[in-house]
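This structure is a prediction, so every number in the text was calculated from the model and none was measured. For ligands, and for the atoms within them, numbers begin at 1 and follow the listed sequence.
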Amino acid sequence: MIERAPDSDNRPRAPFHVAAIMDGNGRYATARGRTRSDGHRAGATAARRIVEAAPDMGVDILTLFALSSENWNRPPAEVRFLLQLLRRFLRLECRRCVERGVRLSVIGSRRRLPARLVAMVDHVESATSAGRRMQLRVAIDYSSRDAILEAAARWAASGEPAPTREGFARALGATGALASPAPEVDLLIRTGGEKRLSDFLLWESAYAELYFTDTMWPEFAPAELERAIADYRRRERRFGLVPRSDPA
Ligand code: IPE
Ligand code: IPE
Ligand code: MG
């Protein structure tokens, strides 16, 4: 678990959680007369650059949406390619994450994943488990509604009385290798021009600040992440309260 130094008022600072829906690989490639696979490859390179840059921008947790449960219904050749690409991504990221103190974990269902990919996930999660600089979570075969349903079923089976928000967040986080409460998203980025959540981190994003950009994911550079974070820092998060500038 990432722990932050206390704030000036001595309250522990919540980790800064950025989540990204990495959309637009296919359109990036077809606009250039290239294949969708080329687009996904370029998307993986962009993800690598973002992972490398994020810790220096104060990001404590970075969650990347790599493959949704719905994406499984794409043409089988594309799904196969994506699964191979993900395995390769994890293999290459493993050493880099260990060197940089990044803890990598995978969220989502493992039931349908090829055995070789599951083995790679297990390997990377245990090899990077000492990382404290940033937590990188890669969402593979992920559906937020399914994750919520599974957490609800686990809670019901435990025989505990109705959960509190905190209790439910713990049940929701219990699926990941880290088994820590599902972290609240501070900043949710979606590239590719669409303005929807596509079943990503629905519970965790209840009070997330949203950042939508027309940039296709392969072109989403660290400089734009920096702009998104700067934009986030200028916003006032009110959590239902009145503006801070209002007279008491
Ligand atoms: C995001 O890019 C990657 C995945 C969903 C796996 P897309 O493949 O959705 O790209 P577009 O939206 O078709 O351009
Ligand atoms: C969301 O993108 C999933 C990922 C980026 C992995 P999609 O391209 O699947 O989303 P929709 O279909 O446009 O909603
Ligand atoms: Mg898309």
Side-chain angles (χ1 to χ4, degrees), residues 17-51 54 59 61-93 104-114 117-118 120-121 124 136-149 175-176 182 185 187-205 208 210-222 224-225 228:
H17 183 187
V18 176
I21 301 174
M22 309 186 288
D23 196 21
N25 294 350
R27 281 165 288 158
Y28 164 85
T30 48
R32 288 162 178 74
R34 285 153 59 186
T35 63
R36 292 183 61 84
S37 299
D38 286 339
H40 294 312
R41 237 182 259 117
T45 303
R48 216 163 280 135
R49 283 196 292 259
I50 292 298
V51 169
V59 177
I61 305 175
L62 177 67
T63 305
L64 298 178
F65 203 3
L67 186 75
S68 78
S69 297
E70 262 65 46
N71 292 152
W72 212 271
N73 300 317
R74 289 187 179 192
E78 180 166 350
V79 176
R80 259 198 314 278
F81 181 83
L82 283 165
L83 292 168
Q84 277 166 14
L85 186 66
L86 280 164
R87 188 159 59 87
R88 187 153 176 272
F89 176 86
L90 293 175
R91 182 161 52 77
L92 293 175
E93 269 321 283
L104 197 161
S105 60
V106 170
I107 59 170
S109 169
R110 299 193 186 178
R111 281 190 289 276
R112 296 192 283 190
L113 301 185
L117 178 55
V118 175
M120 182 57 73
V121 169
V124 176
L136 169 63
R137 309 190 317 154
V138 183
I140 303 178
D141 197 357
Y142 175 84
S143 150
S144 182
R145 285 175 300 182
D146 286 350
I148 290 169
L149 285 175
T175 36
V185 175
L187 171 62
L188 176 62
I189 296 169
R190 181 171 189 142
T191 61
E194 314 293 356
K195 295 183 178 67
R196 52 178 172 258
L197 298 180
S198 303
D199 203 8
F200 187 48
L201 300 175
L202 302 180
W203 171 281
E204 295 89 331
S205 297
L210 309 180
Y211 182 93
F212 296 109
T213 171
D214 289 336
T215 304
M216 298 294 147
W217 177 258
E219 294 188 299
F220 188 80
E224 190 166 359
L225 174 62

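Atoms of ligand 2 lying under 4.0 Å from any heavy atom of Arg196, numbered from 1 in the order shown and given with element: 11 (P), 13 (O), 14 (O).
The backbone N or O of Ala208 sits nowhere less than 3.5 Å from a side-chain atom of Ser205 that would complete a donor-acceptor pair. Without hydrogens or angle criteria, Arg27 side chain to Gly192 main chain gives a donor-acceptor distance under 3.5 Å. Panel note: side chain Arg190, backbone Arg196; a donor-acceptor pair is recorded below 3.5 Å. At distances below 3.5 Å, at least one donor-acceptor pair connects side-chain atoms of Asp199 with backbone N or O atoms of Arg145.
Here the Mg ion (ligand 3) has protein N, O or S atoms under 2.8 Å from it, and they come to 1.
Contact between Ala20 and Phe200 at its shortest, heavy atoms only, is O-CE2, 3.9 Å. In plain terms, the two heavy atoms of Ala44 and Phe89 that are nearest each other are O-CE1, 3.9 Å.
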### Query
Passes salt bridge (charged side-chain N to carboxylate O under 4.0 Å, His left out), Glu219 versus Arg32? Steps please.
CA-CA 13 Å; Glu219 294 188 299; Arg32 288 162 178 74; 3.2 Å; yes

### Message
Determine whether Thr191 and Asp23 satisfy the following criterion, side-chain hydrogen bond (donor to acceptor under 3.5 Å, both in side chains), listing intermediate values before the conclusion.
### Response
CA-CA 5 Å; Thr191 61; Asp23 196 21; over 6 Å; no

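For ligand 1, the protein residues placed under 4.0 Å by at least one non-hydrogen atom are Met22, Asp23, Gly24, Asn25, Gly26, Arg27, Arg36, His40, Ala66, Asn71, Arg74, Leu82.
Ring orientation note: the planes of Tyr142 and Phe65 are nearly perpendicular, at an angle over 60° on the 30°/60° scale.
Between Leu92 and Arg48, the closest side-chain pair of non-hydrogen atoms falls below 4.5 Å.
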